[in-house]
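A short write-up of the structure that comes next.
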Amino acid sequence: MAVYLDNSATTKPCPQAVKAINRMLSQTYGNPSSLHRMGIEATKEIISARESIAKALSCEKDEIYFTSGATEANNLAVFGAAYANRRKGNRIVTTAIEHESIIESMRELEKEGFEIIKIQPDSKGEVNINDVEKAINGSTILVSMMYINNETGSVLPVNSLKKIIQRKGAPALIHTDCVQAFGKTEVRPKKLGADLLSITAHKIHGPKGCGALYIKKGARILPRVFGGEQENKIRPGTEASPLIAGFGAAVDAFGDLKAANRKVSKLNEYTREKLAGINGVIINSPTGASPYILNIFIPTFMRSQTIIQELSEKYGIYVSNGSACAKWKKSHVLSAMKLPDNVIDKSIRISFSRESTKEDSDALCGALKDLIEKHPE
C-alpha cells in the first residue's frame, strides 16, 4: 500500500471535487460566456465556486479572480502591482525563500530596472520583521511575502507588514502567497492586511490547473493577458469551469479546519519523536512551523534525489526534496538558511494532509531507519 507524504506538492482530489468536475465535463459543459441555458448553468457553477472561496476567505466574491494556478496568480500579482504603481516608486521587498514563481518574477523585474530587496532568513528559515522594516522605505511599491514556506513550513510575519508600510508612508501593496496556508489554517486577507493573496486548488484536495488571486477592492493592478471580458478583464479567456467547480467543491469539503489542524499537529509531534530515535537525522523545520510540513536531513551517502527514489521504489513511500516547481535544483530555501551543503544535498520534505495517519509515519520512519543502516554516510 502506498504511503503518500508529498501533499505540499499536490493532494489527492477529494470525492466531492471529482464529482463536480465529472458533472461539468459530462453535463454542464457549455461555455460560460454563451447566453443559452447550458452556458448559463456553467456560469452559475462558477458563481457558486467563487462564493465558496470568498466565504472561506471572509471576503466579497467579486474580489476573487480565477487563474490557472498559484504560479499565474503570483505572476499576475507581482507584475500587475509593479507596473500599475511604477510612477510611485521602484522598490519591491520580498524574501529569499519565496516560491520559484515569485523568485523568477522578481528576477525579471530587476532586469527592467526595479530595485528588488530580498530579505534573508535565519538558520531556522524564519524571517525577522526588523529586517523587513529596514528594507521598506517611501519608494516601496510592493511587498511580497509568503505566509507559510513550502519547504520548511516556517511561518512568515505577513500580519505585521501593514503597520510598517503605514508607518513608513510607503505606497506599497501587500501580496502574500498563501498556497501552503489556505485550507490548513485560518486565512483572512483583511486580518493579514493583504491587498493581494494567491491560492490554488490542488493543494487543498482539488484539481490541478486552477487557482485564484484575491484582489482587495480599491487595489489597482494591471492585467498580463488580453482578449476577453472574463474575470473583469483582469484574467480574460474562457474559464476552466470544470476545474473551478472542482475548486469550489474542495473548499466546501474543508470541514473543521481547527480539528484537522489539531490532528495534523499531533501527527507532526509523533513523527518528530519517531525521527529523534533515528541516529543522525536532523530536523530543519523550526519548532513553530506549520504542522503540515517537516523538512529533515538524512545521514546517508545518497543525495536527496536518490533517497526519494529509494523510498518510492523499495518502500512505496512518496516524499520530495523541496518545491516540485524546482525539480532537481538545489533548494534555494535551505541555501538561504546557510545550511551546510552536505545537509542541503541530503534533506527531504515530508508533507502531511488531513488524510495522513500514524501508520504512514511509522512506515516512513521504519523505511528511513532501514535505509540509513543499509547506506550509511
Donor-acceptor contact below 3.5 Å, side chain T67 vs main chain G69: yes
Using modelled atom types only, decide if a donor and an acceptor are shared between the side chain of H332 and the backbone of E98 within a distance under 3.5 Å. yes
Measuring from E51:CD to D252:CG, what's the distance to the nearest 0.5 Å? 10.0 Å
Does E229 pair with K233 as a salt bridge, N-O distance under 4.0 Å? yes
Hydrophobic cluster membership, V143 vs I116, 4.5 Å side-chain cutoff: no
Worked verdict on K203 versus T10 for side chain to side chain contact (heavy atoms under 4.5 Å, CB included): CA-CA 5 Å; K203 311 289 189 180; T10 198; 5.7 Å; no
Any sub-3.5 Å donor-acceptor pair from N261's side-chain atoms to L257's backbone N or O? no
May I ask you to test the F79-L222 pair for a side-chain heavy-atom distance under 4.5 Å? no
Flag side-chain contact, heavy atom, 4.5 Å: P157 against V127: yes
Please indicate whether D256 has more than 12 foreign heavy atoms, meaning atoms of other residues, nucleotides or ligands, lying under 6.0 Å from its CG. yes
Test salt bridge (charged side-chain N to carboxylate O under 4.0 Å, His left out) applied to D6 and R349, step by step: CA-CA 8 Å; D6 193 21; R349 179 186 67 184; 3.4 Å; yes
N/O donor-acceptor pair under 3.5 Å between S58 side chain and A54 backbone: no
dist D370:CG -> H375:NE2 (nearest 0.5 Å) comes out at 8.0 Å
Flag, side chain of S285 to backbone of N295, donor-acceptor distance under 3.5 Å: yes
Do K266 and E269 meet the salt-bridge criterion of a basic N to acidic O distance under 4.0 Å? no
Using a 6.0 Å distance limit plus a 45 degree cone around the ring axis, check whether R235 lies over the aromatic ring of Y65. no
Applying the 4.5 Å side-chain criterion to the ILVMFWY set and letting contacts propagate, would I136 and I117 be lumped into a single cluster? yes
Establish whether L197 and M106 are linked, either directly or via other cluster members, by ILVMFWY side-chain heavy-atom contacts under 4.5 Å. no
Shortest non-hydrogen separation from I102 to S144 and the atoms involved: CD1-OG, 3.8 Å
Distance-minimising heavy-atom pair for I278 and C365: CD1-O, 3.5 Å
What verdict does the side chain to side chain contact (heavy atoms under 4.5 Å, CB included) test give for I164 and I129, after you've listed the backbone C-alpha separation in whole Å, the side-chain angles of each residue and the deciding distance to 0.1 Å? CA-CA 9 Å; I164 294 173; I129 192 61; 3.6 Å; yes
Return the minimal non-hydrogen interatomic distance between Q230 and G237, and the atom names on each side. OE1-N, 3.0 Å
Within the structure provided, determine whether V179 and S8 are in side-chain contact (heavy-atom separation under 4.5 Å). no
Quick one: does NZ or CZ of K358 land under 6.0 Å from the six-membered ring centre of Y270, within 45 degrees of the ring axis? yes
Go through it in stages, so that I can follow the logic: the residues are K217 and D62, the test is salt bridge (charged side-chain N to carboxylate O under 4.0 Å, His left out), and I'd like the CA-CA distance, side-chain angles, deciding distance and then a yes or no. CA-CA 9 Å; K217 275 192 174 179; D62 56 1; 3.6 Å; yes
Could you tell me the separation between the CG atom of N74 and the OG atom of S105, rounded to the nearest 0.5 Å? 7.0 Å
Can any side-chain N or O of S347 pair as donor or acceptor with the backbone N or O of V343 at less than 3.5 Å? yes
Does E63 come within less than 4.0 Å of K190, counting only side-chain N to carboxylate O? yes
Taking the basic N atoms (NZ, or NE/NH1/NH2) and the acidic carboxylate oxygens, is any pair closer than 4.0 Å for E186 and K191? yes
Approximate separation, where rounding is to 0.5 Å, of L196 CG and K216 NZ: 10.0 Å
If you measure from NZ on K19 to SG on C14, what distance do you get to the nearest 0.5 Å? 11.5 Å
Considering only heavy atoms from C-beta outward, does the side chain of T11 approach that of I204 to under 4.5 Å? no
Under 6.0 Å from the NZ atom of K168, do we count more than 12 heavy atoms belonging to anything else shown? yes
Any chance you could lay out the side chain to side chain contact (heavy atoms under 4.5 Å, CB included) test for S154 and I97, step after step, and finish with the verdict? CA-CA 10 Å; S154 61; I97 57 173; 4.2 Å; yes
Does the side chain of T238 come within less than 4.5 Å of S33's, by heavy atoms? no
Any side-chain heavy atom of H99 within less than 4.5 Å of one from N150? yes
So, R107 and E110, do they make that salt bridge, N to O below 4.0 Å? no
Check: C210 main-chain N/O paired with S68 side-chain donor or acceptor under 3.5 Å: no
Minimum-distance pair of heavy atoms, taken over all atoms of A81 and L142: CB-CD1, 4.0 Å
Could you tell me how the ring of Y318 sits relative to the ring of Y4: parallel (under 30°), tilted (30 to 60°) or perpendicular (over 60°)? tilted
Let me check something: do V93 and L173 share a hydrophobic cluster, defined by ILVMFWY side-chain heavy atoms less than 4.5 Å apart, either directly or through other members? no
Could you label the plane-to-plane angle of the F114 and Y83 rings as parallel, tilted or perpendicular, counting under 30° as parallel and over 60° as perpendicular? tilted
Which heavy atom of S101 sits nearest to which heavy atom of N75, and what is that distance? O-ND2, 3.9 Å
Derivation and outcome, side chain to side chain contact (heavy atoms under 4.5 Å, CB included), residues D362 and K274: CA-CA 8 Å; D362 289 339; K274 295 275 290 187; 3.3 Å; yes
F297 and side-chain contact (heavy atoms from CB on, under 4.5 Å): which partner among L334, N342, V281, D345? N342
Heavy-atom side-chain proximity of I344 to D341 below 4.5 angstrom: yes
Applying side chain to side chain donor-acceptor pair (under 3.5 Å), run through N284 and T152 and close with a yes or a no. CA-CA 7 Å; N284 300 321; T152 66; over 6 Å; no
Would you say that E231 contacts F66 through its side chain, given a criterion of any heavy-atom pair below 4.5 Å between the two side chains? yes
Run the numbers on N268 and T271 for side chain to side chain donor-acceptor pair (under 3.5 Å), then give the verdict. CA-CA 5 Å; N268 184 291; T271 307; over 6 Å; no
Are Y147 and Y214 connected in the hydrophobic side-chain network, where two residues link if heavy atoms are under 4.5 Å apart? yes
Value for CZ (F352) from NZ (K263), rounded to nearest 0.5 Å, stands at 11.0 Å
Take K346 and E377 through the test salt bridge (charged side-chain N to carboxylate O under 4.0 Å, His left out) and record every step on the way to the result. CA-CA 10 Å; K346 300 175 183 180; E377 281 190 285; 3.4 Å; yes
Just by distance, do the side chain of D360 and the backbone of T357 share a donor-acceptor pair under 3.5 Å? yes
Do E151 and S331 pass the side chain to side chain donor-acceptor pair (under 3.5 Å) test, and can you show the C-alpha distance, the side-chain angles, and the key distance before you say yes or no? CA-CA 8 Å; E151 292 195 34; S331 167; 2.5 Å; yes
Around atom CZ of R167, are there more than 12 heavy atoms of other residues, nucleotides or ligands at under 6.0 Å? yes
